[in-house]
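Here the structure is laid out as structure tokens; the discussion comes afterwards.
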Amino acid sequence: MQNIKEYIENHKDRFINELVELLKIPSVSADPAFKNDVLTTAEAVKNSLEKAGCDLVEICETPGYPIVYGEKIIDANLPTVLVYGHYDVQPADPIDLWDSPPFEPVIKKTDLHPEGAIFARGACDDKGQMYMHVKALEYMTATGNLPCNVKFMIEGEEEVGSESLAWFVERNQEKLANDVILISDTGMIANDIPSITTGLRGLSYVEVEVTGPNRDLHSGLYGGAVANPINVLTKMIASLHDENNHITIPGFYDNVEELSTEERAEMAKAPFSLEAYQKALDINAVYGEKGYTTNERNSIRPTLDVNGIWGGYTGEGAKTVIASKAYAKISMRLVPNQDWREITQLFKTHFENIAPAGVTVEVKPHHGGQGYVTPTNYDGYRAASMAYQDTFGKTPIPQRSGGSIPIVALFEKELKSKTILMGFGLDSDAIHSPNEHFGVFNYLKGIETIPLFYKYYTKLKKNN
Ligand code: BES
Ligand code: MN
Ligand code: MN
């Protein structure tokens with residue numbers, strides 16, 4: 001039997017080229033202009049799963065973009081791993097800030113990726129990480145090393161809230177039956193500090209609209225005499241945090257799970273350099289909720305951030321005007337036990353309450369989702385840990401992430417199984433940003449580690 005290291009060595013150029021081809025298709029789910037490209041990407045994923053050895057591959061239609069489903073069932077008595085990933089990507093904007101075009105992948109070396117990284121939208125989030133699983137399957141089927149059953153479910157709407165996936169999962173519980181769910185759509189601490197993601201934050205995303213006078217006004221003739229929606233909106237937003245950077249929405253923290261001193265001490269053991277963190281972002285200080293460390297602020301604590309704000313005149317030169325309307329998009333990252341619908345309602349009530357006379361406020365909820373924490377004391381985590389131990393030569397550190405994959409909590413509810421988050425990206429890989437990239441080392445290391453997860457998971461299950 002050929003070993004995985006050898007297999008990768010023999011096929012790595014092709015593995016990289018195939019990913020490059022996939023990255024050329026601009027599968028931006030948020031923008032209807034890319035509809036055909038999103039659909040073409042689903043076809044490409046389908047073909048890749050067929051080639052990798054799935055016995056059955058389907059493009060499953062949904063009310064939105066299709067889900068690519070594939071499976072290889074070798075023995076109904078063996079465990080089944082369900083792989084989830086997404087083939088859609090974030091919009092590439094602002095395009096001007098890319099050093100090379102977002103859908104023309106190039107490989108360049110960086111400080112953190114001395115072996116080179118693939119630069120393209122979706123390289124890390126999530127085409128590159130999803131494709132590691134396709135190539136790991138190829139290896140396992142081509143060399144007779146697939147120890148259990150495998151199912152793939154790759155969706156095309158993750159970046160816009162996974163609505164169709166929720167629809168699909170609710171209707172296909174039997175088809176999707178599995179023992180454990182495996183996802184590579186998160187990150188790790190560093191290439192020499194492997195980690196496994198053990199938590200995701202929830203999300204509530206809202207848009208607010210503040211309306212003042214019924215039309216834009218001359219800022220001289222009316223200025224000072226009517227409520228200016230932009231002034232009002234910024235003041236309202238500023239009031240959402242107090243001087244300790246606590247969120248002021250009544251009830252916001254009611255269900256927040258407080259970690260014990262021991263748990264916080266355990267978290268603090270993860271390697272972290274504040275200096276390197278600041279340097280990587282060119283900031284002279286960090287900022288956040290009083291009483292918590294940077295790693296706590298971005299993982300176990302909830303947040304509220306303005307993601308976009310607009311209104312009035314933003315063109316060239318000056319225009320003296322009081323806008324009729326002002327807008328903002330606001331995200332709240334939530335922690336386990338906070339219910340995203342409840343938080344959205346609390347926000348709406350509070351925001352409407354604090355609006356001064358002279359304006360009206362409308363709060364429009366967007367998508368959201370629940371947070372998730374994975375246990376570390378069960379077969380799935382142990383198998384993942386053993387796999388990393390083999391390929392990195394180090395025990396991976398369990399680490400809760402600040403990002404969100406809302407569908408994970410739904411998987412647990414509908415499919416009754418736990419999710420293992422084997423992420424191989426780095427925070428510095430610039431996902432959702434210009435110059436997104438994914439290290440060649442990380443890509444190949446992922447392909448190397450995944451089959452070992454299957455091996456150990458099947459072994460641990462057999463011993464049970
Ligand atoms: N893959 C990310 C989430 C992620 C990245 C989690 C890194 C942990 C570490 C995913 O594609 C994503 O961007 N999720 C969105 C939420 C979604 C509802 C749009 C997010 O976190 O903003
Ligand atoms: Mn993702
Ligand atoms: Mn994303």
Side-chain angles (χ1 to χ4, degrees), residues 23 27-31 38 41 45 64-65 83-93 102 120-133 153-166 182-190 195-207 295 298-300 302-308 329-335 340-341 343-344 365-374 398-411 419-434 436-438 442 446:
L23 291 167
S27 51
V28 179
S29 51
D31 184 346
V38 180
T41 308
V45 172
Y65 284 124
V83 175
Y84 161 82
H86 61 95
Y87 64 81
D88 64 322
V89 301
Q90 282 277 319
D93 316 67
R121 171 56 86 230
C124 178
D125 183 12
D126 178 41
K127 283 176 175 164
Q129 297 212 68
M130 177 270 291
Y131 208 67
M132 299 181 313
H133 289 268
M153 175 170 64
I154 312 298
E155 71 152 315
E157 291 180 11
E158 197 278 340
E159 299 293 6
V160 291
S162 300
E163 238 177 84
S164 299
L165 184 68
L182 185 57
I183 304 182
S184 295
D185 193 22
T186 57
M188 59 180 195
I189 297 175
S195 60
I196 296 176
T197 307
T198 51
L200 294 163
R201 285 196 286 196
L203 178 70
S204 162
Y205 201 104
V206 297
E207 186 167 329
N295 270 341
N298 67 24
S299 64
I300 61 161
T303 63
L304 184 152
D305 277 293
V306 178
N307 291 233
K329 290 184 194 277
I330 296 172
S331 71
M332 288 164 277
R333 295 285 169 172
L334 311 175
V335 296
W340 77 272
R341 289 195 173 84
I343 292 292
T344 305
H366 279 261
H367 51 67
Q370 295 298 109
Y372 188 71
V373 175
T374 57
Q399 199 186 42
R400 278 169 67 169
S401 169
S404 308
I405 311 178
I407 207 71
V408 172
L410 191 100
F411 288 158
T419 293
I420 292 295
L421 298 156
M422 289 180 39
F424 292 91
L426 300 183
D427 283 354
S428 52
D429 286 348
I431 64 171
H432 295 207
S433 286
E436 175 178 353
H437 53 281
F438 188 38
N442 304 67

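Numbering starts at 1 and runs along the sequence shown. Just so you know, ligand 1 is whichever comes first in the structure, and atom 1 is the first atom listed for that ligand.
One finds the CG atom of Asp185 at 5.0 Å from the CG atom of Asp125 (value rounded to the nearest 0.5 Å).
Residue side and main chain included, Asp126 places no N/O/S atom under 2.8 Å of the Mn ion (ligand 2). The distance from the Mn ion (ligand 2) to the nearest N/O/S atom of Asp185 is under 2.8 Å.
The ligand atoms of ligand 1 that sit less than 4.0 angstrom from a heavy atom of His86 are 11 (O). Atom numbering of ligand 1 starts at 1 in the shown order; those under 4.0 Å from a heavy atom of Arg333 are 20 (C), 21 (O), 22 (O).
When non-hydrogen atoms are compared, ligand 1 lies under 4.0 Å from neither the backbone nor the side chain of Arg400. Contacts of Thr186 with ligand 1, taken as heavy-atom pairs under 4.0 Å, involve both backbone and side chain. Contacts with ligand 1 closer than 4.0 Å are made by side-chain heavy atoms of Pro406 only, the backbone lying farther away. Residue contacts with ligand 1 for Ile431 involve side-chain atoms from C-beta outward but no N, CA, C or O (heavy atoms, distance under 4.0 Å). In His367, the part holding a heavy atom less than 4.0 Å from any atom of ligand 1 is the side chain.
Closest protein heavy atom to atom 6 (C) of ligand 1: Gly403 CA, 3.6 Å. Ranking protein heavy atoms by distance to atom 4 (C) of ligand 1, first place goes to Asp185 O, 3.5 Å. Ranking the protein heavy atoms by distance from atom 15 (C) of ligand 1 puts Ser404 O, 3.6 Å first. Nearest protein heavy-atom contact of atom 8 (C) of ligand 1 is Ser401 OG, 3.0 Å. Looking from atom 11 (O) of ligand 1 to the surrounding protein, the closest heavy atom is Glu158 OE1, 2.7 Å.
Test Asn295, Thr198, Thr197 against Arg400 for side-chain contact (heavy atoms from CB on, under 4.5 Å) and you get one pass: Thr198.
Using a 4.5 Å heavy-atom cutoff, the side chains of Leu203 and Arg333 are in contact. Inter-residue side-chain proximity for Gln129 and Cys124 is flagged as met; some heavy-atom pair is nearer than 4.5 Å. No side-chain heavy atom of His133 sits under 4.5 Å from any side-chain heavy atom of Ile154. Within the 4.5 Å cutoff, no side-chain heavy atoms of Glu158 are placed close to those of Asp126.
Here the side chain of Gln90 pairs no donor or acceptor atom with the backbone of Arg121 at under 3.5 angstrom. Looking at Ser404, its side chain never comes within 3.5 Å of a backbone N or O of Pro406 through a donor-acceptor pair.
Considering backbone and side-chain N/O atoms, Glu159 comes within less than 3.5 Å of an N/O atom of ligand 1.
Counting only N and O atoms by type, the side chains of Ser27 and Lys127 include a donor and acceptor under 3.5 Å apart. Using modelled atom types, one finds no donor on one side chain facing an acceptor on the other under 3.5 Å when comparing Ser164 with Glu155.
Heavy-atom distances between Asp126 and ligand 1 stay at or above 4.0 Å for every pair.
Between the NE2 atom of His86 and the OD1 atom of Asp125, the angle taken at the Mn ion (ligand 2) works out to 90° after rounding to 10°. Taking the Mn ion (ligand 3) as the apex, the angle formed with NE2 of His432 and OE1 of Glu159 is 90°, to the nearest 10 degrees.
Using bins of under 30°, 30° to 60° and over 60° for the plane-to-plane angle, the ring pair Tyr205/His366 lands in the perpendicular bin.
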